[in-house]
Amino acid sequence: MECSVCFDVYDVDGRRPKVLPCGHTFCLPCLQNPNFGNECPQDRKAFRDNPMNFPDNFALLAEMPARADEPWCETCGLRFRGACADAAHRPCSVRQRRVQQEQRQADQQVLQDLQQGLQTLQQGLQDLQQGLQDLQLGHLDLQLGLQDVQREMQDMRQTQDQLLRKVEDLQLTGTAAPPPPSLEIDVWELSPSEKNDLLVGDRLARVRKLTGLHCYNVERSMAVLMKLNPHVEELGLIGAQLPQLRFVEGMTSLRKLDLDVSSLIEHAESYEIPDLPLQLEELEVEGFSRNLFYCLPKLPKLRRLVLTTPNWDTVVLTGVAWQCGLQYLNFTQQRAPYFRWCALTPPRRRTGSASSVGAPGPFLRRGTCPPSCMGAGFSP
């Protein structure tokens with residue numbers, strides 16, 4: 001067999017057949033020729049390794065029976081010579097060289113497999129170590145959470161012990177616990193200290209009825225009304241002014257209202273009085289003015305009305321339309337030697353029982369009622 005480049009016969013000395021990575025075989029001197037530029041002479045595929053390190057084509061070497069059994073230097077890779085013997089190199093045949101080379105390649109493959117397996121084991125070990133660290137951190141978090149729970153339980157036990165000691169002290173001293181907030185409060189009957197405590201805590205949270213609230217202090221009275229809204233159902237204001245009336249207009253749960261607007265009479269005709277809540281069922285007004293009457297027909301649920309005025313002549317009732325559901329009316333004049341009466345009558349004068357109050361289309365008229373009206377449900 002000869003090299004396809006130089007056409008020289010292969011031998012085991014100077015022209016050993018070398019197998020390139022692409023699979024072609026050429027002699028070693030041709031592969032070391034710099035004119036080829038580390039490329040295969042046939043398909044021009046480049047290679048990086050030294051041609052000396054390429055494996056021999058043992059199939060070609062085996063076809064040289066005359067030289068197959070010649071001594072071969074394992075160290076020099078050439079025919080065994082005297083210099084090899086002087087250097088104590090080990091001789092071997094071509095067949096032994098081929099077996100050794102195949103064994104070396106197999107050993108290298110096993111070594112590579114072992115190295116790859118070792119890398120896999122190392123990666124698995126790192127993952128296990130990371131998982132162990134995560135478990136340790138989770139365990140630490142659980143311990144910290146357990147400590148927090150234990151501290152909270154200890155604080156709760158201490159608070160419970162303190163409450164129990166207070167209860168025991170109250171039982172020993174005979175002091176009863178403070179009563180719950182009342183559902184009804186009359187501010188007029190409260191002491192000065194109790195009046196100051198109205199806005200403390202949630203004392204007004206359960207109040208459904210509050211009467212006798214003075215409005216001379218606008219800021220304080222407005223604060224009380226804000227605490228009462230929207231759960232208060234019955235309210236009594238003394239000296240009510242425009243800010244309180246405007247707020248009362250939006251109290252949706254109010255059913256009964258007692259107003260003292262005497263302080264507004266002097267200038268009552270110079271401004272418009274706000275409307276009253278539409279759901280009102282009972283209304284008592286002291287010191288009302290003519291402007292107030294324009295609000296009354298807008299109250300469809302009103303059933304009871306009590307009006308008190310210090311001056312009869314300031315009130316003009318003629319021509320004011322009245323709603324049909326009113327069942328009780330009490331109209332009086334303060335500081336007068338006698339009472340002026342009024343009745344609900346249709347355009348034609350008539351008398352009757354209390355049921356006639358709800359007759360359709362009645363009007364509130366000025367005048368005096370005969371004594372027979374005393375039994376008709378109307379009182380001064």
Side-chain angles (χ1 to χ4, degrees), residues 184-200 203-205 207-299 301-302 304-317 320 323 329-336 364:
E184 298 183 5
I185 294 181
D186 188 354
V187 183
W188 183 266
E189 298 180 356
L190 297 180
S191 63
S193 61
E194 290 175 337
K195 292 179 181 179
N196 293 331
D197 294 340
L198 276 179
L199 296 175
V200 177
R203 184 174 182 183
L204 298 177
V207 174
R208 297 295 180 268
K209 176 181 178 181
L210 187 136
T211 57
L213 178 61
H214 286 270
C215 300
Y216 60 87
N217 188 333
V218 177
E219 182 178 356
R220 183 173 180 81
S221 60
M222 289 296 295
V224 173
L225 292 177
M226 290 180 183
K227 288 248 182 180
L228 292 173
N229 189 37
H231 55 269
V232 68
E233 298 177 358
E234 185 173 346
L235 179 64
L237 302 178
I238 301 176
Q241 302 180 28
L242 287 178
Q244 291 87 358
L245 293 179
R246 292 192 182 99
F247 188 84
V248 167
E249 181 183 358
M251 302 180 74
T252 57
S253 62
L254 197 61
R255 296 293 181 268
K256 181 177 180 180
L257 179 61
D258 187 354
L259 288 178
D260 176 12
V261 292
S262 302
S263 59
L264 298 178
I265 290 182
E266 184 177 356
H267 305 287
E269 307 301 333
S270 61
Y271 46 75
E272 182 180 354
I273 296 180
D275 292 337
L276 298 177
L278 298 179
Q279 74 281 356
L280 275 183
E281 299 175 0
E282 300 184 27
L283 176 63
E284 298 184 13
V285 183
E286 180 177 348
F288 63 92
S289 66
R290 177 168 41 185
N291 289 352
L292 181 63
F293 277 100
Y294 297 112
C295 305
L296 298 181
K298 302 177 182 179
L299 306 178
K301 296 184 179 181
L302 189 64
R304 187 177 187 276
L305 178 62
V306 178
L307 304 176
T308 304
T309 178
N311 188 356
W312 174 272
D313 295 333
T314 61
V315 179
V316 179
L317 305 181
V320 178
Q323 54 89 28
L329 173 65
N330 188 341
F331 183 77
T332 61
Q333 179 183 5
Q334 294 179 342
R335 297 185 299 277
L364 190 62

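Positions are given from 1 along the sequence. Only a predicted model underlies this, so the values are computations on that prediction, with no experimental measurement involved.
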So, do Val224 and Ser221 sit near enough that their side-chain heavy atoms are less than 4.5 Å apart? no
Nearest 0.5 Å, what's the CD1-OG1 distance between Ile238 and Thr211? 8.0 Å
All pairs passing ring-ring contact (aromatic ring centres under 6.0 Å, His included) where residues 208-237 contributes a residue, at least two apart: Trp188-His214, His214-Tyr216
Using 0.5 Å steps for rounding, measure from the CG atom of Asn330 to the CG atom of Leu305. 9.0 Å
Over all atoms of both residues, closest heavy-atom pair of Leu198 and Leu204: O-CG, 3.5 Å
When you compare the side chain of Leu235 with that of Leu225, does any pair of heavy atoms fall below 4.5 Å? yes
Does the side chain to side chain contact (heavy atoms under 4.5 Å, CB included) test come out yes or no for Leu299 and Leu276, once each step is laid out? CA-CA 8 Å; Leu299 306 178; Leu276 298 177; 4.2 Å; yes
With sequence neighbours excluded, tell me which residues meet salt bridge (Lys or Arg N to Asp or Glu O under 4.0 Å) with Asp275. Lys298
Only residue of Leu259, Asp258, Leu210 satisfying side chain to side chain contact (heavy atoms under 4.5 Å, CB included) with Leu237 is Leu259
Side-chain donor-acceptor contact under 3.5 Å, Ser253 with Glu233: no
Evaluate the side-chain proximity of Val187 to Lys195: yes if any heavy-atom separation is below 4.5 Å, no if none is. yes
Would you say Lys256 and Glu284 make side-chain contact, with heavy atoms under 4.5 Å? yes
For the CE atom of Met251 and the CD atom of Gln279, what is their distance to the nearest 0.5 Å? 9.5 Å
What verdict does the side chain to side chain contact (heavy atoms under 4.5 Å, CB included) test give for Arg208 and Glu184, after you've listed the backbone C-alpha separation in whole Å, the side-chain angles of each residue and the deciding distance to 0.1 Å? CA-CA 6 Å; Arg208 297 295 180 268; Glu184 298 183 5; over 6 Å; no
Could you tell me if the side chain of Glu286 sits less than 4.5 Å from the side chain of Val261, heavy atoms only? no
Looking at Pro274 and Leu242, what are the two nearest heavy atoms and their distance? CD-CD2, 3.9 Å
CG/Leu257 to CD/Glu282 distance, rounded to the nearest 0.5 angstrom? 10.5 Å
Let me confirm one number: the CG-CG distance from Leu254 to Leu278, rounded to the nearest 0.5 Å. 11.5 Å
Write down the atom of Lys227, the atom of Leu199, and the distance for their closest heavy-atom approach. NZ-O, 3.6 Å
Rounded to the nearest 0.5 Å, the CG atom of Asp260 sits from the CG atom of Leu213 at a distance of 11.5 Å
Determine yes or no for a side-chain-to-main-chain donor-acceptor pair under 3.5 angstrom, with Asn217 supplying the side chain and Arg220 the backbone. yes
Between Gln241 and Cys215, what is the shortest heavy-atom contact and its length? NE2-O, 3.5 Å
Indicate yes or no for a side-chain donor-acceptor contact from Glu194 to the backbone of Ser191 under 3.5 Å, with no hydrogens or angles considered. yes
